[in-house]
Amino acid sequence: MKERQQNILIIGAGLCGSLLSLRMGQRGYNVNVYEMRPDIRKTDISAGRSINLAFSDRGNKGMKLVGLEEKVKELCIPMNGRMLHDREGNTFLSNYSGRDHEYINSISREGLNAMLLDEAEKHENVKIHFNKKCLSVDFENTTAHFEEYHTKDKFIEDADCIIATDGAGSALRRSYYLERKFLFSFSQEYLTHGYKELTILPTENGDYKTYKSALHIWPRGEFMVIALPNLDGSFTVTLFLSYAEGKYNFNNLTSPEIVTEFFQKEFPDALELMPNLIHDFFENPTAPLGTVKCSPWYYKGNTLLMGDSAHAIVPFYGQGMNASFEDVVEFDAIIDKNEGDWETIFSEYGKTRKKNTDAIADLAIDNFHEMKDHVGKVIFQEKRKIEMALEKEFPEDYSSKYSLVTFNEHIGYREAMLKGRAQDKAILNMLSDGVISSEDDIKDILDKVKIETEAILEDDKIVGLH
């Protein structure tokens, strides 16, 4: 692509920032990226952060955009479904889709981030600076104020436009909020639950101690444990638990004895796989789970929020990274139509994208309740059985809400949410009323689900939900 003299400053070299810097570098812009943490390729900074993430079709659009689709496959472990574990240690595999080619992947956050940084730095017009913390952004003058981590020296950088991909604690978003120069709406809502990273180590031979090709869930109503496989034979385990409510909570799990008692009672089969539990539990931090929404995402043609800085979500749909990668794809398409006019690009991007990121934020909270509680209920399992059969028999005619969100990357999150919720309501209503059962003729079920879903969507339209 032809050289462009415009200078873009990107704050944050995480997953979204590294993909954006690579794409802007490919487009020929002069790109400077400033990251407050050390270079992950040289320092291990993973403790307490999600070591692996769920990578699916929307995220893969970003890889296709920059020509890395094949390279990223080397970092992926396919997961075909959820492996549910009850208190007695019985397991039940619930596939994500009735279509064999649809699955999600466990991917190393660090490995993927490092690959994107390497690819970005192959471009002479992309420079990445580590250990540089952004203190604030003067969005009227398009300058950013930084502090060098080691020397504490402060300095200012300017650019033609500044894009902040600096996560839920974004310095640009904070500047928008504190400066009060324009009408800026901001909300940050926390769940009453937090999370803690744990580990199932590989066997002495480096093998997996449990089934590799699934996302494992131990649903327990008000709390849960999940586990995702890593390439080295380990699993990253995450405990989601209330800070203060219930017999066991993060505030009262204060001794090795009570932590062991909790796991023996609730997750005995997981405990057997985790002789390192007590070490991990007291070494790793407990972190909060929050949702950030804000508007507008931009100021004139000067500055823009992207990724988690604009729309941080809880992790229960496995879409945080995927949504941020899709941000870059949507942004790139708008640049194609309006190149050179940053204000139009930023405005159009915010208008088209925000309704979809609001939708996935809401869906992620829905899925939190589904994963910790509903997946263990008989009516939910009956619904999933019907949906799997519908997807298998009528792959062109039916997609569950999960499939619409995760595998139908050509439609927006909002459309997927509205249709998916209507389908869920239709099937659950008809199951509880005895109108359908998983033993019925599958074509009859499809016809009934379609009619009932359309009726619900029509009702939603009347009350203004569309």
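Not measured: the values here are computed from a predicted model.
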Are [X] and [Y] linked by a side-chain donor-acceptor pair shorter than 3.5 Å?
{"X": "Asn302", "Y": "Trp342", "answer": "no"}
{"X": "Tyr190", "Y": "Gln188", "answer": "yes"}
{"X": "Asn205", "Y": "Thr203", "answer": "no"}
{"X": "Asn276", "Y": "Asp280", "answer": "yes"}
{"X": "Glu391", "Y": "Ser403", "answer": "yes"}
{"X": "Tyr398", "Y": "Glu393", "answer": "no"}

Mind checking what makes salt bridge (Lys or Arg N to Asp or Glu O under 4.0 Å) contact with [X], not counting sequence neighbours?
{"X": "Glu35", "answer": "Arg37"}
{"X": "Asp397", "answer": "none"}
{"X": "Glu70", "answer": "Lys73"}

Short N-O contact, [X] and [Y], less than 4.0 angstrom:
{"X": "Asp166", "Y": "Arg173", "value": "no"}
{"X": "Arg421", "Y": "Asp366", "value": "yes"}
{"X": "Lys419", "Y": "Glu454", "value": "no"}

Hey, what do you get for [atom1] ([X]) to [atom2] ([Y]), rounding to the nearest 0.5 Å?
{"X": "His85", "Y": "Asp269", "atom1": "NE2", "atom2": "CG", "answer": "6.0 Å"}
{"X": "Lys212", "Y": "Asn230", "atom1": "NZ", "atom2": "CG", "answer": "11.0 Å"}
{"X": "Phe346", "Y": "Ile335", "atom1": "CZ", "atom2": "CD1", "answer": "8.0 Å"}
{"X": "Asp153", "Y": "Glu148", "atom1": "CG", "atom2": "CD", "answer": "7.0 Å"}
{"X": "Ile104", "Y": "Ser56", "atom1": "CD1", "atom2": "OG", "answer": "6.5 Å"}

More than 12 heavy atoms of other residues, nucleotides or ligands under 6.0 Å from NZ of Lys127: is that the case?
yes

- Should we count CE of Met36 as having more than 12 external heavy atoms under 6.0 Å? no

With sequence neighbours left out, the residues meeting side-chain contact (heavy atoms from CB on, under 4.5 Å) with Arg384 are Ser94, Phe380, Glu387, Met388, Ser400

Expected output: side-chain [X] to main-chain [Y] donor-acceptor under 3.5 Å:
{"X": "Ser106", "Y": "Pro229", "answer": "yes"}
{"X": "Asn356", "Y": "Arg414", "answer": "yes"}
{"X": "Asn32", "Y": "Leu9", "answer": "no"}
{"X": "Thr165", "Y": "Gly12", "answer": "yes"}
{"X": "Ser213", "Y": "Met79", "answer": "no"}
{"X": "Ser18", "Y": "Leu15", "answer": "yes"}
{"X": "Asn125", "Y": "Gly25", "answer": "yes"}
{"X": "Thr352", "Y": "Glu348", "answer": "yes"}
{"X": "Lys132", "Y": "Phe130", "answer": "yes"}
{"X": "Asn30", "Y": "Asn7", "answer": "no"}

So salt bridge (charged side-chain N to carboxylate O under 4.0 Å, His left out) across residues 309-332, not counting sequence neighbours, yields Arg23-Asp332, Arg27-Asp332, Arg58-Glu326, Lys61-Glu326, Glu326-Arg353, Asp327-Arg353

Quick one: are [X] and [Y] in side-chain contact, heavy atoms under 4.5 Å?
{"X": "Arg109", "Y": "Asn52", "answer": "no"}
{"X": "Asn141", "Y": "Asp158", "answer": "no"}
{"X": "Leu457", "Y": "Lys461", "answer": "no"}
{"X": "Lys133", "Y": "Phe146", "answer": "no"}

| field | Whether Tyr195 and Phe240 hold their rings parallel, tilted or perpendicular, with breakpoints at 30° and 60° | value | tilted

I'd like a table of donor-acceptor pairs (distance under 3.5 Å, sequence neighbours excluded) in which one partner is a side-chain atom from residues 293-301, with atom names and distances.
from   : atom 1 : to     : atom 2 : distance (Å)
Lys293 : NZ     : Asp362 : OD1    : 2.9
Trp297 : NE1    : Cys294 : O      : 3.1
Tyr299 : OH     : Glu140 : OE2    : 3.4

Please say whether the positively charged group of Arg180, taken as NZ for Lys or CZ for Arg, lies over the ring of Tyr177, i.e. under 6.0 angstrom from the six-membered ring centre and within 45 degrees of the axis. yes

Verdict with reasoning, Glu415 to Lys355, per salt bridge (charged side-chain N to carboxylate O under 4.0 Å, His left out): CA-CA 10 Å; Glu415 185 184 339; Lys355 65 179 185 291; over 6 Å; no

